[in-house]
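These figures come from a predicted structure and were not determined experimentally.
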Amino acid sequence: MNNLLISEPPLQVLPSLAKIVGLNEAIVLQQFHYWLERSNNIRDGYKWIYNSYSKWNEQFPFWSNATLRRTINSLEKQGFFITANYNKAGFDKTKWYRIDYERVSNASAQNEQTSCSKCANASAQNEQTNTNRLPETTTETNNNTSDLSDHIQYKQIIDYLNEKAGKHFRNVESNKKLIRARWHEGYRLDDFKKVIDNKVLDANDANSFFTAKYLQPSTLFGNKFDQYLNQQIKPKVEKGTQSYGGVEF
């Protein structure tokens, strides 16, 4: 049997939930709900769950730790997660989580109202134009629709790389594929710029193994993207240059 087909308990997500909170957020929210239903940790009349990020990451091995953190923080900011600290040791900062089910219900109701309103408007427009045809679905149009919905800033990223590294890479599909993969992991334009800035500095360091030939999309936007993003690189200081009070000598 093909090992990419389902032969283990799958992570489930409803498209309608993903539409409301985001795809990554919907996957995490559903998984937290699964464990909350089985939790015996009752505090202040609610069920709670807790775990370290490394343990949570074991349940989402297809994400980096940084992506998982951003996703959980996003759910907190949106009000779908409520956090607390019921740890016995004062130094233990492990977060406890529960879902604000009322917030989920309200968001769902609001989404249904918006959808119904759009459906009514679409129906009226359809009657006026007297057509029921839907656009044909092809692989090309599906890919374009996905890219537009995500607003992936391919050109800005490639242009920034060319500017900083003195390169002439083009906005072709092979480069866009790498950017798209990182974008769907939750990284955004500022993250790409930070990686480019970090590695340009790294390439200019005579003591670094990372040289200018590696300043290309296949290297920068690959599997080490998160590592490059969090790399601490000190700006190069020219020999014989000193600065006093903001004035160089």
Side-chain angles (χ1 to χ4, degrees), residues 1-89 91-108 111 146 149-150 152 177-188 190-192 194-195 221-231:
M1 182 180 295
N2 192 310
N3 60 4
L4 292 180
L5 298 177
I6 294 176
S7 57
E8 58 183 295
L11 291 172
Q12 297 179 323
V13 61
L14 288 174
S16 54
L17 178 61
K19 183 179 179 181
I20 296 171
V21 302
L23 178 58
N24 289 2
E25 286 81 356
I27 294 173
V28 171
L29 188 59
Q30 178 62 49
Q31 189 71 351
F32 275 42
H33 170 66
Y34 173 87
W35 289 116
L36 278 167
E37 286 192 320
R38 291 155 179 77
S39 175
N40 293 319
N41 296 313
I42 310 295
R43 301 288 190 280
D44 299 329
Y46 295 100
K47 285 186 175 182
W48 298 80
I49 54 175
Y50 61 89
N51 225 335
S52 64
Y53 277 110
S54 60
K55 289 297 183 182
W56 283 127
N57 217 179
E58 291 177 5
Q59 299 185 40
F60 308 100
F62 41 83
W63 287 334
S64 67
N65 188 276
T67 297
L68 180 58
R69 284 176 179 268
R70 277 197 297 271
T71 303
I72 292 177
N73 288 337
S74 172
L75 287 165
E76 286 186 55
K77 291 178 181 178
Q78 293 184 68
F80 294 105
F81 279 167
I82 295 176
T83 63
N85 185 336
Y86 292 106
N87 302 305
K88 294 182 179 179
F91 60 83
D92 189 349
K93 303 301 181 182
T94 302
K95 280 187 178 181
W96 292 49
Y97 297 90
R98 71 176 176 88
I99 294 174
D100 187 342
Y101 288 102
E102 183 177 355
R103 171 78 177 91
V104 176
S105 179
N106 290 339
S108 177
N111 182 65
S146 175
S149 64
D150 288 337
I152 303 178
K177 183 178 180 180
L178 293 163
I179 295 172
R180 187 184 304 122
R182 305 290 79 80
W183 196 278
H184 286 169
E185 289 177 349
Y187 299 101
R188 291 298 180 261
D190 287 344
D191 298 319
F192 283 90
K194 179 68 180 301
V195 166
F221 309 147
N223 295 330
K224 291 185 177 181
F225 187 89
D226 194 67
Q227 176 183 327
Y228 293 157
L229 178 63
N230 292 282
Q231 186 174 355

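For the pair Q59 and W35, the minimum side-chain heavy-atom distance is below 4.5 Å. You'll find the side chain of H33 reaches within 4.5 Å of the side chain of Y101, heavy atoms only. In this structure, the side chains of D191 and F225 come closer than 4.5 Å at one or more pairs of heavy atoms.
Using a distance-only test at 3.5 Å, with no hydrogens or angles considered, no donor-acceptor pair links the side chain of N106 to the main chain of R103. The backbone N or O of A89 lies less than 3.5 Å from no partner atom in the side chain of N87, so there is not a single donor-acceptor pair.
Legend: residues meeting side-chain hydrogen bond (donor to acceptor under 3.5 Å, both in side chains) with S105, ordered by chain and number and at least two apart, are absent. Y46 pairs by the side-chain hydrogen bond (donor to acceptor under 3.5 Å, both in side chains) definition with nothing, not counting sequence neighbours. Checked against ring-ring contact (aromatic ring centres under 6.0 Å, His included), Y97 has the following partners two or more places apart in sequence or in another chain: F32, F81. Shown here are the side-chain hydrogen bond (donor to acceptor under 3.5 Å, both in side chains) partners of T94, two or more places apart in sequence or in another chain: D92. Residues satisfying the side chain to side chain contact (heavy atoms under 4.5 Å, CB included) criterion with N24, sequence neighbours excluded, are W63, T67, T71. Every residue two or more places apart in sequence or in another chain that forms a ring-ring contact (aromatic ring centres under 6.0 Å, His included) with F221 is listed here: F192. Among residues two or more places apart in sequence or in another chain, the ring-ring contact (aromatic ring centres under 6.0 Å, His included) test is passed with F80 by none. Take W96 and apply the ring-ring contact (aromatic ring centres under 6.0 Å, His included) test, not counting sequence neighbours, and it matches Y50, Y86. In terms of the side-chain hydrogen bond (donor to acceptor under 3.5 Å, both in side chains) criterion, residue partners of Q78 (sequence neighbours excluded) are, by chain and number, S74. Listed by chain and number, the residues in a salt bridge (Lys or Arg N to Asp or Glu O under 4.0 Å) with E185 are R182 (sequence neighbours excluded).
Heavy atoms only, all atoms of each residue included: G79 and D100 are closest at O-CB, 3.5 Å. When all heavy atoms are compared, the tightest approach of I20 to A107 is CG2-CB, 3.8 Å. Taking both residues in full, the closest heavy atoms of N57 and S64 are given as OD1-C, 3.9 Å, listed atom of the first, atom of the second, then distance. Annotation for A66 and Y187: closest pair CB-OH, 4.3 Å, computed over non-hydrogen atoms. Across S54 and N65, no two heavy atoms sit closer than the pair N-ND2, 4.2 Å.
Residue pairs that meet the salt bridge (Lys or Arg N to Asp or Glu O under 4.0 Å) test with at least one member in residues 65-80, sequence neighbours left out, are E76-K95. Among pairs with a residue in residues 36-57, those fulfilling salt bridge (Lys or Arg N to Asp or Glu O under 4.0 Å) read K55-E58, at least two apart in sequence or across chains.
How far CD1 of I82 is from CG of L75: 12.5 Å, rounded to the nearest 0.5 Å. A distance of 9.0 Å separates NE2 of H184 from CG of L23, quoted to the nearest 0.5 Å. Within the model, atoms CG of L36 and CH2 of W48 stand 9.5 Å from one another, a figure rounded to the nearest 0.5 Å.
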